[in-house]
Amino acid sequence: MSTPDGLHDIAIETHSDAGAYPATGNDLPILHEIRHALQRLAQSGEKTVIDLQAIPMAPGEEERILQLLGRGEVSATIDALGPSEVRETAFAGVWTVYHRNTNNEVVGKFIEITHCPDLLHSQPEDIATGMAQIRETLAELESKQSGDQA
Amino acid sequence: MTETEFLNWVRGPGMQIALAVFIVGMVYRVLENYLIGRKQSLAEPRGSEWTHGVGTMWRRSFTRAKLTTRGYVTLVAGYIFHIAFLVTLFFLAQHVEMFRSLLGFGWPALPPLLITITAVLGIAALLALLAHRLTDPVKRMLSDYQDYLTWFLTFFPLITGFLLINRVGIPYKTLLATHILSFELLLIAIPFTKLSHIITTFISRWYNGAIAGVKGVQS
Amino acid sequence: MSTSLERGIRTWVAQIDAPIASFFTSCVHCGICADACLFFTETGDPKYTPIHKLEPMRRVWQQEYTFWGRLAKRLGFSKPVTEDELKEWEPLVYDSCTLCGRCSMVCPVGNDITYMIRKMREGMVAAGYAPEGLKAATSRSIRIGSPMGVRLPALQAQIKAAEAETGLTVPLDQEGADYLMLLSSAEIMQFSEIISAVTRIFDEAKVSWTLASKAFEATNSGMQIGSSDLAAQLVQRIVDAAEALKVKYVISPECGHAYTALRWEGPNLVGRAYPFKVIHILELLDELRAEGRLKTDGFEDQRVTFHDPCQIVRRGGIVEPPRNLLNMVAKDFVEMEEHGIMNWCCGGGGGVSANERADPIRRKAFDRKKHQLEGMGVAKLVTACSNCRNMLEEGLEDNHLDEDIEVVGLAEMLAEHLAVSNRADTGESTSTAKE
Amino acid sequence: MKDTRTVGEILSSQGISRRGFLKFCAATASMMAMPPSMVPAVAQALSNARRPSVIWLSFQECTGCTESLTRSHSPTLEGLLFDSISLDYHHTLQVAAGSAAEEAREHAMQENDGSYLVVVDGSIPLGNPGYSTIAGISNVDMLKETAAGAAAIVAVGTCAAFGGIPHANPNPTGAVAVSDIIKDKPIINVSGCPPIPIVITGVLAHYLTFGKVPELDDLGRPTAFFGQTIHDRCYRRPFYDKGLFAETFDDEGAQQGWCLYKLGCKGPVTYNACAVSKWNSGTSFPIQSGHGCFGCSEPDFWDSGGFYRPLSATTADVGTLAGVAALAGAAAGAAIGRMNRSHRARAQARHEKLTIDDIEES
């Protein structure tokens with residue numbers, strides 16, 4: 001079965017990555033940190049954010065940690081300066097927050113231990129803007145109505 | 001001098017200087033002694049000078065006598081130190097790489113955990129030997145400044161090396177350069193001090209064995 | 001030309017050789033040699049550390065034979081060896097060293113410290129620093145022929161007594177005999193039984209032997225005091241007599257340092273190889289035993305042990321013969337814990353016994369032998385050196401052990417058990433039977 | 001024209017929501033290697049930060065640093081940042097050319113005297129200024145002139161920070177680092193060949209956010225990024241600790257991802273954020289792709305004895321030296337040895353026999 005470029009004649013040996021790399025041992029400490037953070041959250045309501053980008057990861061390690069955390073009941077997408085994915089993990093109170101830019105590239109990875117990530121809340125500044133906008137809209141509608149009546 | 005310049009210097013010119021001094025010095029010292037010469041015995045020999053001399057070079061690594069406590073302190077700490085130091089020097093992977101760069105060949109290394117143990121043993125043995133030198137009346141009487149200088153020069157590479165493989169707060173680059181420098185200082189000091197025993201011991205043992213060998217006496 | 005510091009230093013310069021330089025270079029000041037020295041172990045005084053006894057000669061080596069030492073000397077930085085130091089070192093070198101050679105066996109870097117002390121004494125005596133007792137003994141050796149002042153008539157008297165006792169002739173000045181037997185002064189004066197003992201043994205074994213009237217004394221005070229020149233004079237007498245009598249062998253008697261002087265140093269002292277061989281009496285007896293020419297009868301019924309004379313065993317290499325011989329006559333022969341090449345010195349070798357000044361430290365050092373014997377339950381302490389024998393007897397007496405333990409010479413013990421064949425049947429004897 | 005609006009005002013004028021801004025702040029804090037707890041402070045500071053003027057000077061360089069910057073993995077973020085700064089001069093990126101370009105620089109310098117930021121990539125030739133000129137102005141003159149009114153200087157890349165490759169032996173142009181010339185201004189060294197893009201933008205973001213120079217190490221590098229060695233944060237470190245090393249680039253050890261120390265990795269002596277930030281959108285970094293670290297963010301990395309020589313190995317040739325030393329030692333030893341031998345022979349010749357009279361007299 002020869003092909004014009006003959007590349008298929010070259011025997012290619014593939015090596016699997018699976019198991020080839022060591023765990024740097026980040027998973028256990030991170031889980032421990034999360035456990036402590038959850039305890040603080042339960043006792044005093046204190047929130048914790050872990051920046052996954054600040055941790056040196058071996059190849060495949062981040063995936064393993066996410067796998068350990070699992071999937072919970074809530075997931076949400078925020079569309080602000082690109083998509084952000086907010087998910088509750090299998091452990092209630094533990095959330096993953098992944099920020100992407102408008103090119104869909106990840107720019108921030110966090111694990112948040114909180115009742116609900118702050119970013120899901122509507123922000124006071126945006127509420128103020130919204131209020132202004134709704135007033136404007138109302139004013140516009142009302143003026144249109146009164147104009148119609150007139 | 002920046003840290004990098006320091007490291008580059010000790011890895012290059014520093015090592016050249018140290019090796020040159022060591023080789024010139026040791027070849028010189030051995031010849032300076034050897035060429036004084038000695039008389040061949042006219043007595044009818046009962047045994048071989050050569051084979052007995054060579055045998056004693058090895059055999060004298062083991063003691064025959066019963067010693068007193070102070071002797072056993074020296075003996076045990078001395079054994080531990082020498083074995084630990086030599087294993088650490090020759091069987092840490094990083095050291096094998098150094099020898100490879102000097103000799104053009106290397107050999108298998110031992111696991112770092114084992115080397116950490118030998119380094120700790122070496123350090124502990126040296127500390128014990130220093131304490132003993134300061135407290136034992138015989139050693140204190142025999143000691144001069146050289147005994148303490150050479151102790152420090154031997155201790156220095158061990159302790160810097162130990163810190164190097166056991167993450168500590170000191171920046172790795174400075175520590176590595178200091179460690180290599182400490183080894184170079186040790187090399188340089190060898191021909192000028194009692195440290196030259198690393199070579200002359202075997203010559204002395206040979207003479208001892210040869211003198212005994214002619215008489216067919218054990219040594 | 002009289003002795004002087006300058007002459008002493010020049011002697012050291014001439015004596016220092018490649019081994020000495022190597023030994024000084026190698027010393028790491030570990031102090032292990034102290035543990036091998038009975039003068040240190042029995043006193044605990046660090047000044048008795050063997051290598052320390054060489055300090056003045058070490059400085060001479062450094063100043064005369066090393067680059068830095070020469071440079072320092074030229075620039076006036078070095079500390080010259082002084083008269084005061086020699087005075088201080090004299091007792092260390094002569095009173096508290098028996099040249100027993102134990103330190104040379106334990107030095108981890110291989111220094112033959114005994115070899116060094118021997119050369120150290122050359123310079124000391126040339127500088128005029130030697131103990132009076134040893135000087136007097138040497139003087140008697142040179143002028144009279146024996147360190148104890150024994151003259152020929154005294155020997156002749158002992159010969160007569162031996163002949164009377166054994167009924168055999170003790171050959172004297174018999175030209176053409178195979179063996180020339182030497183004796184030590186102590187044997188002639190104190191342990192004269194040896195003469196009858198060897199006469200009987202040699203007669204039985206048909207050994208052709210003789211004594212020499214011009215050279216009966218085997219000891220060598222010249223070597224003990226450290227003067228090769230005088231030692232050579234004493235050896236020369238023996239060489240001359242042996243050559244005149246045309247013997248094939250010269251027998252070194254039961255005396256430690258005599259063996260070293262005659263067997264190992266002698267040819268180097270007189271500057272040529274001998275035309276005869278030197279054999280130790282124990283070697284000869286062991287040979288006779290092996291050839292079946294020495295037969296014994298009966299056994300000692302008491303427990304015996306053997307004290308190894310340093311110069312014969314450790315420094316002489318005659319380790320097995322005394323044991324083979326002892327086993328012929330002793331059923332309960334036990335070894336000391338440290339025996340053979342690592343046995344301890346009696347404390348009086350190397351000229352120490354001739355040096356009255358050393359008496360107190362020598363007696364103190366005997367504690368070592370006392371400890372060795374403790375609990376062994378031996379009734380007889382056998383040895384093969386008349387000096388050791390003297391020291392052991394004296395030491396046991398000091399420690400009130402002389403009632404329990406008897407000191408015996410090995411050849412004598414053998415002679416006691418000698419199996420006597422029926423001479424009339426054989427009808428011939430190399431040893432002339434008394435008519 | 002001088003823009004006096006705050007960053008907050010600029011962003012909100014672009015219709016960016018508070019949520020968007022907070023997300024931006026979270027990503028920026030992460031980029032600046034700050035803990036997430038600092039996000040509110042960053043947001044506060046950024047809202048009120050004023051848009052600084054930036055003059056970018058390129059000297060003896062390869063444009064790799066600029067390439068790195070423009071290929072940073074979050075263009076929209078950097079885009080936002082650059083919207084927030086006024087890049088008034090960058091001769092690779094700017095549209096203006098010739099005298100217009102130089103006028104833009106001079107204009108920016110005048111208008112923002114004392115407050116603008118100078119970014120430099122490339123080293124400066126002191127051997128002969130003619131090696132590198134821009135618009136007829138030598139690099140050293142332009143640097144001095146531009147630096148005079150600057151609030152701070154960011155030396156981007158190892159060339160600007162430490163001299164880099166132009167400075168390597170035999171350094172034909174006499175290249176030096178910015179810090180060798182400018183002594184009276186704060187200088188932030190962002191070394192690397194090239195520097196990690198996110199580190200460049202992180203440093204600029206820090207300056208923009210807080211209006212001041214971040215904490216620096218003794219080589220003038222921000223400790224937030226250069227505080228730890230590659231080795232300390234390397235995922236292959238456990239192999240180093242166990243003594244498992246790849247011996248060649250294709251052996252079993254290499255395939256198993258073992259430590260690259262024996263293959264010359266300079267990770268233990270290199271301070272940079274590669275092991276954490278990684279390259280190409282966080283995909284990988286040299287060690288992860290199977291090659292040891294060069295140590296490119298360190299001074300003199302090009303002259304540190306070869307990329308493939310283990311750190312503990314000696315870099316100099318010692319074979320000839322050992323031979324020469326042995327011969328020299330033998331010659332000296334033989335000379336003094338002969339002296340020693342004749343010294344001894346003379347002493348022996350002068351020896352006068354000791355007699356019993358001598359002894360008896362003493």
Side-chain angles (χ1 to χ4, degrees), chain B residues 2-5 7-8 10-38 92-104 106 109-115 164-167 171-177 179-180 191, chain D residues 162 217-219 228-229 231-232 237 240-245 247 259 261-262 264 266-271 295 298-301 303-305 309-319 321-345:
Chain B
T2 64
E3 276 183 339
T4 308
E5 283 166 343
L7 179 61
N8 288 347
V10 296
R11 289 179 70 209
M15 189 60 93
Q16 281 181 315
I17 292 170
L19 272 175
V21 171
F22 171 70
I23 296 171
V24 171
M26 275 326 292
V27 172
Y28 171 87
R29 274 215 94 167
V30 167
L31 285 177
E32 176 185 68
N33 285 347
Y34 174 75
L35 289 176
I36 297 174
R38 68 182 181 118
L92 177 68
Q94 284 86 331
H95 294 168
V96 173
E97 291 311 303
M98 183 200 69
F99 285 111
R100 197 192 303 280
S101 69
L102 295 179
L103 305 170
L110 290 173
L113 181 66
L114 193 71
I115 300 295
L164 205 51
I165 52 173
N166 293 278
R167 334 176 179 199
Y172 192 99
K173 193 184 273 188
T174 316
L175 204 52
L176 176 63
H179 177 61
I180 297 175
Chain D
F162 309 127
D217 68 9
D218 55 354
L219 290 173
Q228 278 175 306
T229 63
H231 184 63
D232 282 340
R237 175 69 185 256
Y240 172 88
D241 290 336
K242 283 187 203 127
L244 297 172
F245 300 100
E247 306 277 341
C259 177
Y261 187 93
K262 287 190 181 178
K266 302 296 180 292
V269 295
T270 304
Y271 291 85
E298 294 295 311
D300 298 321
F301 78 100
D303 293 327
S304 292
R309 198 182 279 268
L311 259 179
S312 60
T314 301
T315 56
D317 169 50
V318 293
L321 176 101
V324 171
L327 282 177
I336 200 97
R338 261 211 313 281
M339 273 169 70
N340 277 349
R341 189 187 283 266
S342 56
H343 189 47
R344 177 162 178 258

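Chain letters run A, B, ... following the sequence lines, proteins first and then strands; every chain starts at 1. Because only heavy atoms are used, hydrogens play no part in the values below, and waters and symmetry mates are left out as well, while side chains stay in. Computed from a predicted model, the values in this text were never measured in an experiment.
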- Query: Side chain, backbone, both or neither: which part of D:Leu244 has a heavy atom under 4.5 Å from chain B?
  - Reply: neither
- Partner residues of D:Asp317 under the salt bridge (Lys or Arg N to Asp or Glu O under 4.0 Å) criterion, sequence neighbours left out: none
- Just wondering, do B:Met15 and D:Thr315 contact through their side chains at under 4.5 Å, heavy atoms? no
- Applying side chain to side chain contact (heavy atoms under 4.5 Å, CB included) to D:Gln228 and not counting sequence neighbours gives D:Arg233
- Message: Quick check: do B:Thr4 and D:Ser304 have side-chain heavy atoms less than 4.5 Å from each other?
- Response: yes
- Item | Atom group of D:Phe245 that falls short of 4.5 Å from chain B, counting heavy atoms | side chain
- Portion of D:Arg309 that has a non-hydrogen atom of chain B nearer than 4.5 angstrom: both
- Message: I'd like to check B:Leu102 versus D:Thr314 (side-chain heavy atoms, cut-off strictly below 4.5 Å). Are they in contact?
- Response: yes
- Task: Let me know if B:Ala20 has heavy atoms under 4.5 Å from chain D in its side chain, its backbone, both or neither.
- Result: both
- Does any heavy atom of chain B fall under 4.5 Å from the side chain of D:Phe162, the backbone, both, or neither of them? neither
- Note on the structure: With chain D, the option among B:Met98, B:Gln94, B:His179, B:Glu32 that has the most non-hydrogen atom pairs under 4.5 Å is B:Gln94
- Query: For D:Ala313, does its backbone N or O pair with a side-chain atom of B:Ser101 as donor and acceptor, under 3.5 Å?
  - Reply: no
